[in-house]
Structures are given as structure tokens and as C-alpha cells.
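First up is the structure itself, then whatever we jot down about it.
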Amino acid sequence: MSGIRKKDFKIGCFHGKLNPNEKSMEARMRNYLYLIGMLRVNQNRSKTINIRLIAYEMPLMDGQSRGKCVDLFGYDQNKRPWIVELKKEDSSENINEVIGQICKYSKILDKDDIRKAIEKEIAEKYHWDNFMFSPGVGKILLAPRKYFKGKSLTICSEMQIMCCAFAWIQSGEKQMKLLAGCGSAGVVNLRVENKRDL
């Protein structure tokens, strides 16, 4: 029987294939981002959110081999936890379904028992006694800019989901090469596509 996970959130470790299948653009993008380790969300010229990535494909439920996994998970400079859901530019998933999925993950992560269990795992893995998240859960839908073209982002804004695209990085295979090059900088810059509505 499946329930909310109490341990083994895959914090700070690498699991699965290091180099996923060439056709799996989303998995490759996820791995690059996790290995680089930091997302910088440029909200405006003076305000940025720096998200330290500490897990990928983070499972939230027990008794499932796959599913209910957060693509990327991290926390910002205020220790607020962040969910990052990745989509490739040609994803056929309905944006409302993606929003629903992000909101479900957020509700699960907002429960005290799972937050405490994740905090405990972070404290153990990073030797950070008494680590605690600040309140709330940040939510990002991250995709190449082409993914957002022609889609209404109003519902994302209403649900407090930041729709982000890679800043200064083109799509497709070129994107993968440029993303791989961000490793030396240790950060990937993101631009908010729906910032007027947030």
C-alpha cells in the first residue's frame, strides 16, 4: 500500500543513468541541471532567487516504482523549498495537467511530516544540524521558451507557479551543449515568462 514517504528522498545523491538515452531530452536536461547545482531566477534587475538543487526525481510516495517524483528539488537563500517541473519544448502534455501535478506535489511537500523527514535527511547528508525549511513551497515550471508560445499562463500565475525559460540559451541540441557549458559557472540563469502576472 502506498503512502507518503518517510525516508530515502534521494537527497544529495545520484541515482539512475548518468547519461540517459539521447532521445530522452528531458532526462538529459534534468541531469545537467542537477550536476550544475544552482538555478538563478532573474525576477527583475534587482531581485533574484538562487535555488540550490539537492535532489532530482525525488520520490514523494512509498510503494511506487515511478510516479509522484519531483523532477528537481532545492531550496533558496531563505531556505524556502522549491519544486521544479521540467518540460521539453515539444511536450504534448496539457499545461493544465502539468499545473495540477505541480500543485499536488506542493500540497504533499507542505505537510509537516514529510517536511520534517526531508529536513532530517538534509541535516544528515550535509552535516547541517537543525536544518529547517522556511514556510511555503516555491513552484517552477521550467521549459525552453518555445514550450510557452501560444499557451495562456494566467492559471500558472493564479496558482503562484513561475513559468521559467533558460535565459540566453537556445533550444534543441544546441541548448544541451550550452547547458553543459554552464557547469563551469556553477549556475543556470532563468527568466520568468509570466512575471507581469505574479
Side-chain angles (χ1 to χ4, degrees), residues 2-5 9-10 24-34 39-44 47-61 64-76 78 80-115 118 133-167 169 171-172 175 179 188-198:
S2 67
I4 290 176
R5 195 172 267 252
F9 295 97
K10 311 296 182 197
S24 182
M25 187 75 83
E26 205 172 292
R28 288 169 60 213
M29 185 169 40
R30 179 202 66 215
N31 287 8
Y32 277 140
L33 292 168
Y34 178 69
L39 301 177
R40 180 175 295 133
V41 182
N42 298 290
Q43 289 187 289
N44 57 46
K47 187 175 179 189
T48 60
I49 300 169
N50 296 311
I51 302 169
R52 168 63 58 205
L53 298 174
I54 58 170
Y56 75 94
E57 285 298 306
M58 185 175 87
L60 299 178
M61 305 298 282
Q64 296 181 8
S65 58
R66 185 87 170 78
K68 294 260 188 326
C69 288
V70 175
D71 285 343
L72 290 165
F73 179 76
Y75 61 88
D76 66 20
N78 299 312
R80 183 184 193 199
W82 282 84
I83 294 167
V84 180
E85 182 66 23
L86 288 173
K87 291 295 160 213
K88 57 186 182 173
E89 69 182 52
D90 60 351
S91 174
S92 59
E93 262 184 281
N94 181 298
I95 194 159
N96 291 332
E97 289 173 11
V98 175
I99 290 163
Q101 182 182 19
I102 294 169
C103 290
K104 275 184 200 167
Y105 293 168
S106 175
K107 281 182 185 169
I108 292 170
L109 282 166
D110 226 6
K111 294 177 187 243
D112 266 353
D113 50 351
I114 195 166
R115 280 174 85 93
I118 294 169
F133 289 123
S134 60
V137 178
K139 300 168 278 198
I140 290 177
L141 171 53
L142 175 57
R145 288 189 79 190
K146 282 185 180 178
Y147 173 81
F148 297 110
K149 282 206 169 150
K151 291 182 172 77
S152 171
L153 304 181
T154 307
I155 190 165
C156 292
S157 303
E158 288 169 3
M159 303 307 281
Q160 295 295 300
I161 297 171
M162 277 192 210
C163 296
C164 294
F166 300 106
I169 296 178
S171 343
Q175 175 182 283
L179 201 52
V188 175
N189 284 288
L190 307 179
R191 66 176 269 153
V192 182
E193 297 291 312
N194 61 333
K195 62 180 157 194
R196 285 191 202 117
D197 303 327
L198 289 171

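For the atom pair CD of Gln160 and SG of Cys103, the computed distance is 10.0 Å after rounding to the nearest 0.5 Å. Atom CD1 of Ile51 is separated from atom OH of Tyr75 by 12.0 Å, given to the nearest 0.5 angstrom. Taken from NZ in Lys139 to CE in Met159, the straight-line distance is 6.0 Å, to the nearest 0.5 Å. Expressed to the nearest 0.5 Å, how far SG of Cys163 lies from NZ of Lys87 amounts to 12.5 Å. The distance from atom CZ of Arg30 to atom NZ of Lys88, rounded to the nearest 0.5 Å, is 13.0 Å. How far CD1 of Ile140 is from CH2 of Trp82: 5.0 Å, rounded to the nearest 0.5 Å.
Put simply, the side chain of Val188 reaches to within 4.5 Å of the side chain of Leu39, judged on heavy atoms. By the 4.5 Å heavy-atom criterion applied to side chains, Leu142 and Asp71 are not counted as neighbours. Under the 4.5 Å side-chain criterion, counting only non-hydrogen atoms from C-beta, Ile4 is in contact with Met61. Here the side chains of Lys10 and Glu57 are not in contact, with every heavy-atom distance at 4.5 Å or above. Between Tyr105 and Val137, the closest side-chain pair of non-hydrogen atoms is not below 4.5 Å. Within the 4.5 Å cutoff, the side chain of Ile161 has no heavy atoms near those of the Asn194 side chain. Contact annotation: the side chain of Val98 approaches that of Tyr147 to within less than 4.5 Å [non-hydrogen atoms, C-beta and beyond]. Contact of the Leu109 side chain with the Phe133 side chain is not registered, since no non-hydrogen atoms from C-beta on lie closer than 4.5 Å.
Shown here are the side chain to side chain contact (heavy atoms under 4.5 Å, CB included) partners of Asn96, two or more places apart in sequence or in another chain: Asn94, Ile99, Ile155. Under the salt bridge (Lys or Arg N to Asp or Glu O under 4.0 Å) criterion, Asp112 pairs with no residue at all, not counting sequence neighbours. For Ser152, the side chain to side chain contact (heavy atoms under 4.5 Å, CB included) criterion is met by Thr154, not counting sequence neighbours.
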Derivation of the side-chain contact (heavy atoms from CB on, under 4.5 Å) call for Leu153 and Ile95: CA-CA 9 Å; Leu153 304 181; Ile95 194 159; 3.9 Å; yes

side-chain contact (heavy atoms from CB on, under 4.5 Å) assessment of Lys195 paired with Gln43: CA-CA 7 Å; Lys195 62 180 157 194; Gln43 289 187 289; 5.9 Å; no

Test side chain to side chain donor-acceptor pair (under 3.5 Å) applied to Asn50 and Arg40, step by step: CA-CA 5 Å; Asn50 296 311; Arg40 180 175 295 133; 3.2 Å; yes

Ile118/Met58 under side-chain contact (heavy atoms from CB on, under 4.5 Å): CA gap, chis, key distance, verdict: CA-CA 10 Å; Ile118 294 169; Met58 185 175 87; 3.9 Å; yes

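Closest heavy-atom contact between Ala143 and Phe148: O-CE1, 3.7 Å. Counting all heavy atoms, side chain and backbone alike, Glu193 lies closest to Arg191 at OE2-NE, 2.9 Å. When every heavy atom of Ser134 is checked against every heavy atom of Pro81, the shortest pair comes out as O-CD, 3.7 Å.
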